Amino acid sequence: MSLGDRDSRSMATALWQPQEEGLKEICGLLEQYRLPTVDQSRIWQQHQSCSQLPDFNNYLAFILCRAEGDAVNIRQAAGLLLKNNLKSNYQLIQPPHLQYIKAEVLPCLGSPDFGVRTTVGTIVSVVVQHEGFQGWPEVFQALVQCLDSNDYNHIEGALGALFKISEDFPEILDSEVSGFADRPIAIFIPRLLQFFSSEHTVLRRLALGTVNQFIVLLPSALFINMQTYLQGLFSLASDRSPDVRKLVCAALVQLLEVQPNALQPHMRNVIEYMLQANKDPDRDVALEACEFWSAFCEAKLPPDILRDFLPRLIDILLDNMAYAEDDEALQDGDEDENAPDREQDIKPRFHQSRTIGGGDGAEGEEDDDDEDIINSWNLRKCSAAGLDILSTIFGDEILPVLMPLVQVRLSATKDSAWEEKEAAILALGAVAEGCISGLSPHLAQIVVYLTSFMEDVRPLVRSISCWTLSRYSEWIVKVAQTAEGQVQFDAILTGLLRRILDPNKRVQEAACSAFATLGEEVAEDLAPRLEPILQHLMYAFGTYQRRNLRILYDAIGTLADAVGSELNNVQDYDKDLFPLLECFTSIAQALGPGFSHYAEPVFMRCINLIRTHGVAKADPLRAGVNYDKEFIVCSLDLLSGLAEGLGSSIESLVSRSDLRDLLLQCCADEAPDVRQSALALLGDLVKACAVHLQPRLAEFLNLAANQLGHCVKENVSVANNACWAIGEVAIKVRKEIAPIVLNVVSSLVPILSNAEGLNKSLLENSAITLGRLGWVCPELVAPHMEHFMQPWCRALCTIRDDFEKEDAFRGLCAMVRLNPGGAVNSFVSMCDAIGSWHEIRSTELSSEIAQVLHGYKQMLSQSSSWEQYFGALDGTLREKLVKTYAL
């Protein structure tokens with residue numbers, strides 16, 4: 001079989017031929033690179049020297065595709081090096097060389113050698129990524145020829161390449177290509193589906209894996225063939241290959257998430273299959289099947305479909321919540337506090353820059369409170385998550401099934417049954433939220449059991465008992481208001497403090513997290529018990545190793561007294577400062593003026609860190625540390641926390657420092673995350689002590705305004721904080737902001753008008769800031785209302801009721817008073833925005849809005865247009881406005 005155009009390969013070969021000497025040198029280099037004893041730095045230098053040759057990649061392609069006599073691993077090494085070069089320097093490779101590479105690799109797509117054709121598949125996927133099928137139509141023809149052939153190597157090579165393309169860039173296959181009768185995916189889908197019934201496991205796996213990549217995109221080619229695809233999935237459900245069965249489960253889970261209607265007619269059979277797959281001897285298949293239950297609940301399908309299966313499902317989930325024999329936690333469960341931390345146990349610490357807004361689920365937020373000791377996702381955790389979400393859907397209804405199973409496992413006396421006991425305790429924690437009302441009458445006894453289990457001989461039973469107790473923190477604290485509850489609370493607290501000093505690291509970690517959770521719930525009621533708490537936590541500070549010290553910082557976040565002096569014990573170059581500074585941030589925000597006792601040393605440490613790393617940026621020797629922007633970002637965020645917590649009390653600290661000048665430098669920094677945090681601090685300082693920024697306020701405002709230009713989508717969080725800070729400055733300095741008002745408005749209007757791809761927080765802050773500018777400078781903004789009213793009002797509709805929304809509507813009223821004609825064409829949008837209020841607490845603002853509406857009624861009635869405009873509103877909205885504003 002001939003792949004590609006023979007003439008084009010001959011032409012490319014005629015234009016370039018390798019030199020024998022160069023070929024030997026590069027082959028020798030690749031051979032040496034594989035040897036474990038070779039001097040890697042010398043080989044790297046040789047590689048760098050060779051890679052400077054303009055035709056180096058041609059040599060690599062030649063060795064991969066033509067060096068028949070050389071060892072396969074040398075050919076593969078050449079191919080992998082070529083792939084990496086193409087990925088990183090594609091635009092720098094000369095067109096004739098690219099043409100040669102493409103002409104060489106295409107015929108090897110069906111190479112008889114598995115390693116060669118696999119490597120060729122990766123190279124094909126990289127080229128297609130850059131050129132698409134438009135730039136390389138020959139590869140499309142070659143792939144179709146391979147799939148239609150009877151040669152196993154050609155079919156597998158094509159399927160491998162298609163899998164790699166679809167895995168990384170599925171949209172390329174679902175794009176229009178000039179000169180093609182249909183999109184590539186429409187040609188490939190029917191062929192891929194045929195391979196579901198292949199006798200070869202690899203072909204079934206690659207075909208299914210490729211089609212699965214398009215479930216989320218759901219191109220019309222897959223939608224049209226959905227029934228054939230489903231029949232293929234069902235036929236593969238009992239495939240002898242675990243890899244294929246795993247892909248079947250993954251496909252059904254994805255379909256449930258994005259196309260539940262397709263599964264609806266088959267749902268009972270699918271559920272039955274997933275129950276069986278959840279018990280698959282291959283735990284990877286069982287894990288993939290287990291994802292189905294969470295997906296089912298999140299798809300908001302009628303719960304009745306699942307109700308009949310609950311007894312079997314809960315039993316299976318509980319069985320799978322027991323530790324597997326190869327679980328990492330079992331291997332490390334006996335690790336005592338004296339064993340040194342392993343490097344892989346210590347997560348790299350990266351400080352996240354502060355973003356204003358988006359607190360109700362901002363992008364990138366993670367909830368680690370319920371994270372288990374080992375970070376890898378496994379069947380145990382997935383089963384617990386499934387039970388958790390089932391409890392939120394079915395509530396107390398699952399308890400008659402669950403509790404007898406839990407009781408049997410808890411009462412097991414054999415030492416060998418400890419895993420079952422541990423799984424039962426985990427189950428009690430998993431249903432803590434969803435079944436709280438049904439469990440309430442029994443919680444006093446359950447908590448007694450859990451407290452006793454904290455003393456179990458098995459470390460993993462002790463650690464899970466700590467976690468499960470923390471899940472009932474709200475109930476524990478509520479009951480602690482009674483005398484009997486106080487006794488129980490003290491017993492739990494004493495147990496947790498003992499476990500904080502447990503000799504086992506995993507128990508220490510779980511106890512610290514549980515204490516922090518309980519501490520957040522109980523707050524100031526910990527004060528009478530402060531002495532024993534501090535004794536235990538301070539002792540832990542002296543014995544914990546680095547990994548658990550970070551968790552201990554979180555626990556101490558509720559106890560500012562315990563960490564007041566710790567800040568001075570960590571050096572300016574030690575990244576352990578990050579969790580400590582973040583701990584102080586949350587304490588400062590929580591305690592407010594109560595943090596003033598610790599404020600000055602913390603404030604000065606942040607100023608010194610910013611100054612030191614600012615110097616290190618230009619001269620590390622003089623600074624005594626290497627520059628690391630994360631120290632600046634973290635310090636800026638802590639200062640924001642101080643400003644937010646201390647309010648105007650921070651004024652004396654700011655006045656005695658050079659923070660203003662340092663902050664101005666940070667607002668102009670080239671690093672987006674430094675600017676992001678600096679702009680957040682600018683807004684917080686303006687609220688707390690604007691007078692100290694006044695001398696350089698114009699410079700701050702210009703820097704902030706510059707962040708709202710044409711590169712907003714590249715640095716959304718920076719633009720978000722800049723926008724918020726400008727709004728805070730506006731309501732603080734009022735008319736003094738006039739010089740930049742029109743510049744900012746001209747930047748905000750495109751953001752509001754082209755909202756797609758921008759996050760909710762930026763759109764909300766843009767709408768609020770535009771309103772605030774209209775409030776303080778209506779004479780400047782009102783003349784331009786007709787250009788932004790509709791997108792602005794759409795954004796205002798999405799903002800929750802609060803004081804910032806009130807400011808925006810004060811701006812709306814101020815502008816309408818000056819230019820009522822500017823909003824006439826957007827009357828419906830304006831009324832939608834007004835109707836988005838649930839309750840306006842400010843009677844003054846409510847009165848202003850009423851005046852605006854009555855003003856329009858009077859103005860439009862003069863031209864007999866009121867009924868037309870008001871009649872265009874939704875009926876429910878009309879009723880609401882009539883009732884609220886007496887229209």
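Index from 1, following the sequence. This is a predicted model, so every value here is computed, not measured.
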Got a salt bridge between [X] and [Y], using NZ or NE/NH1/NH2 to carboxylate O under 4.0 Å?
X: E455; Y: R499; result: yes
X: D282; Y: K246; result: no
X: D456; Y: K421; result: yes
X: D502; Y: R462; result: yes

Rounded distance (nearest 0.5 Å) linking atom [atom1] of [X] with atom [atom2] of [Y]:
X: L193; Y: L233; atom1: CG; atom2: CG; result: 9.0 Å
X: S111; Y: R75; atom1: OG; atom2: CZ; result: 5.5 Å
X: L496; Y: L518; atom1: CG; atom2: CG; result: 6.5 Å
X: S391; Y: E433; atom1: OG; atom2: CD; result: 8.0 Å
X: L143; Y: H154; atom1: CG; atom2: NE2; result: 11.5 Å
X: E291; Y: S383; atom1: CD; atom2: OG; result: 9.5 Å

F214 vs L173, side chain to side chain contact (heavy atoms under 4.5 Å, CB included): CA-CA, chis, key distance, verdict: CA-CA 10 Å; F214 293 92; L173 287 159; 3.4 Å; yes
Under a 3.5 Å distance rule, please check whether [X] uses its side chain to pair with a backbone N or O of [Y] as donor and acceptor.
X: T468; Y: S465; answer: no
X: T122; Y: T119; answer: yes
X: D151; Y: G110; answer: no
X: S463; Y: A510; answer: no
X: Y472; Y: L428; answer: yes
X: N225; Y: P190; answer: no
X: R471; Y: W467; answer: no

Side-chain heavy-atom pair [X], [Y] within 4.5 angstrom cut-off:
X: Y544; Y: C512; answer: yes
X: D243; Y: L247; answer: no
X: V408; Y: E420; answer: no
X: V448; Y: T451; answer: no
X: F394; Y: V431; answer: no
X: T210; Y: I165; answer: no
X: L301; Y: L306; answer: no
X: D168; Y: Q129; answer: no

Do you know which two heavy atoms are closest between [X] and [Y], and how far apart they sit?
X: L206; Y: G160; value: CD1-N, 3.9 Å
X: W293; Y: N278; value: NE1-OD1, 2.6 Å
X: C290; Y: L379; value: CB-CD1, 3.9 Å
X: E422; Y: L460; value: CG-O, 3.7 Å
X: L287; Y: C382; value: CD1-CB, 3.5 Å
X: V401; Y: L310; value: CG1-O, 4.5 Å

Audit row: F169, V128, side chain to side chain contact (heavy atoms under 4.5 Å, CB included) steps and yes/no: CA-CA 9 Å; F169 311 100; V128 170; over 6 Å; no
Using a 6.0 Å cut-off, check whether atom [atom1] of [X] has over 12 heavy atoms from anything other than its own residue.
X: D304; atom1: CG; value: yes
X: Y152; atom1: OH; value: yes
X: Q213; atom1: CD; value: yes

Residues in salt bridge (Lys or Arg N to Asp or Glu O under 4.0 Å) contact with R283, at least two apart in sequence or another chain: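 For R283 there are no salt bridge (Lys or Arg N to Asp or Glu O under 4.0 Å) partners, ignoring immediate neighbours.
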V248 and its side chain to side chain contact (heavy atoms under 4.5 Å, CB included) partner, picked from V285, L236, D239, V253: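 Testing each of V285, L236, D239, V253 against V248, the sole residue satisfying side chain to side chain contact (heavy atoms under 4.5 Å, CB included) is L236.
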Criterion side chain to side chain contact (heavy atoms under 4.5 Å, CB included) on T118 and Q76, from CA distance to verdict: CA-CA 9 Å; T118 301; Q76 267 188 278; 5.8 Å; no
From CA spacing to verdict: salt bridge (charged side-chain N to carboxylate O under 4.0 Å, His left out), R245, D284: CA-CA 10 Å; R245 297 198 303 276; D284 287 337; over 6 Å; no
R380 charged N/C atom sitting above Y323 aromatic ring, 6.0 Å / 45°: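 Relative to the ring axis of Y323, which defines the angle, R380 lies inside both limits.
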Partner of E156 by salt bridge (charged side-chain N to carboxylate O under 4.0 Å, His left out), out of R117, R204, R205: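 Exactly one candidate clears the test, R117.
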Derivation of the side chain to side chain contact (heavy atoms under 4.5 Å, CB included) call for L208 and F195: CA-CA 8 Å; L208 177 54; F195 290 110; over 6 Å; no
Parallel, tilted or perpendicular: ring planes of F296 versus F292, cut at 30 and 60 degrees: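 Tilted: the ring planes of F296 and F292 meet at 30° to 60°.
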